[in-house]
Each structure stands twice: as C-alpha cells, then as structure tokens.
S.K.: 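I am attaching a structure below and will ask some questions about it afterwards.
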Amino acid sequence: MTVKEELLFDFATNLPRVLVSGKTTVLDNVKKLLLLTDDQIVVFNGHRYTSLTGQGFVITKLQEERMLVSGEVEEIRFFKALQEDKG
C-alpha cells in the first residue's frame with residue numbers, strides 16, 4: 001500500500017476506528033450506541049460493529065460520530081453486518 005493509500009484508508013469515514021491509550025479509548029465513526037454496560041460497549045459504524053469488553057466503562061464525552069470512553073479495555077472486536085435477503 002502506498003503512503004497516499006494508507007492516508008486515505010486512515011481517514012475513511014465509514015470504517016470503525018479505535019484508539020486506546022491507558023484507560024482512555026476513542027471510538028470514531030460511531031453511528032449508533034447499541035449496548036452500554038459497566039463491562040461492555042457495542043457501537044454500530046454503518047456497515048460494521050465494534051465491541052469493547054473490559055471494566056469500569058464510562059462515556060466521558062460524546063460528539064458527532066466520536067465517543068471518548070474511560071475504563072480498562074481488555075478486548076476489541078470488529079463485526080461485519082450480515083447482508084439482508086434481497087429476494
């Protein structure tokens with residue numbers, strides 16, 4: 001992948017992005033918050049889902065398509081949405 005392709009990929013608005021640093025996590029391109037508990041967060045990113053599992057989750061900031069979460073992240077999973085029947 002060229003540098004230009006990497007930059008375009010990094011700034012794609014329809015792909016999920018998760019940045020984790022210590023006990024602070026940033027989720028980008030969030031369309032819907034589907035599940036929020038003390039130990040799990042699931043968000044919808046358009047055509048994909050992002051799931052965080054850990055401990056002590058608290059949403060500290062919620063902006064347009066960006067969520068700032070504090071807590072200990074133990075696992076990050078990305079899921080693709082199933083295509084619906086077109087018949």
S.K.: Is the closest side-chain heavy-atom distance between V69 and I41 below 4.5 Å?
M.R.: yes
S.K.: For the hydrophobic clusters of this structure (ILVMFWY residues joined by side-chain heavy atoms under 4.5 Å, transitively), does one cluster hold both V20 and V30?
M.R.: yes
S.K.: Applying side-chain contact (heavy atoms from CB on, under 4.5 Å) to E74 and Q55, what does each step give before you reach the verdict?
M.R.: CA-CA 8 Å; E74 296 170 0; Q55 298 175 7; 3.1 Å; yes
S.K.: So which atom in S70 and which in T60 form the shortest heavy-atom distance, rounded to 0.1 Å?
M.R.: OG-CG2, 3.6 Å
S.K.: Decide yes or no on side-chain contact (heavy atoms from CB on, under 4.5 Å) for L33 and M67, but give the supporting numbers first.
M.R.: CA-CA 10 Å; L33 175 62; M67 182 184 302; 4.0 Å; yes
S.K.: Roughly how far apart are E65 CD and N29 CG, rounded to 0.5 Å?
M.R.: 6.0 Å
S.K.: Could you tell me which non-hydrogen atom of K31 sits nearest to which non-hydrogen atom of N45, and how far apart they are?
M.R.: CG-C, 3.6 Å
S.K.: Under the side-chain contact (heavy atoms from CB on, under 4.5 Å) rule, collect the residues that match up with L34, sequence neighbours excluded.
M.R.: K32, V42, F44, Y49
S.K.: Is L35 reachable from F78 through a run of hydrophobic residues whose side-chain heavy atoms are each under 4.5 Å from the next?
M.R.: no
S.K.: Identify the two heavy atoms, one from Q40 and one from S51, that lie closest to each other, and give their separation to 0.1 Å.
M.R.: NE2-OG, 3.4 Å
S.K.: If hydrophobic residues (ILVMFWY) are linked whenever their side-chain heavy atoms come closer than 4.5 Å, directly or via other members, who joins V26 in its cluster?
M.R.: L19, L68
S.K.: Give the minimum heavy-atom separation between T37 and F57, together with the two atoms involved.
M.R.: O-CB, 3.9 Å
S.K.: Could you work out, with salt bridge (charged side-chain N to carboxylate O under 4.0 Å, His left out) as the rule, every residue matching E75, not counting sequence neighbours?
M.R.: R77
S.K.: Hey, mind stepping through T53 and D39 against side-chain contact (heavy atoms from CB on, under 4.5 Å) and telling me if it holds?
M.R.: CA-CA 6 Å; T53 305; D39 58 0; 5.7 Å; no
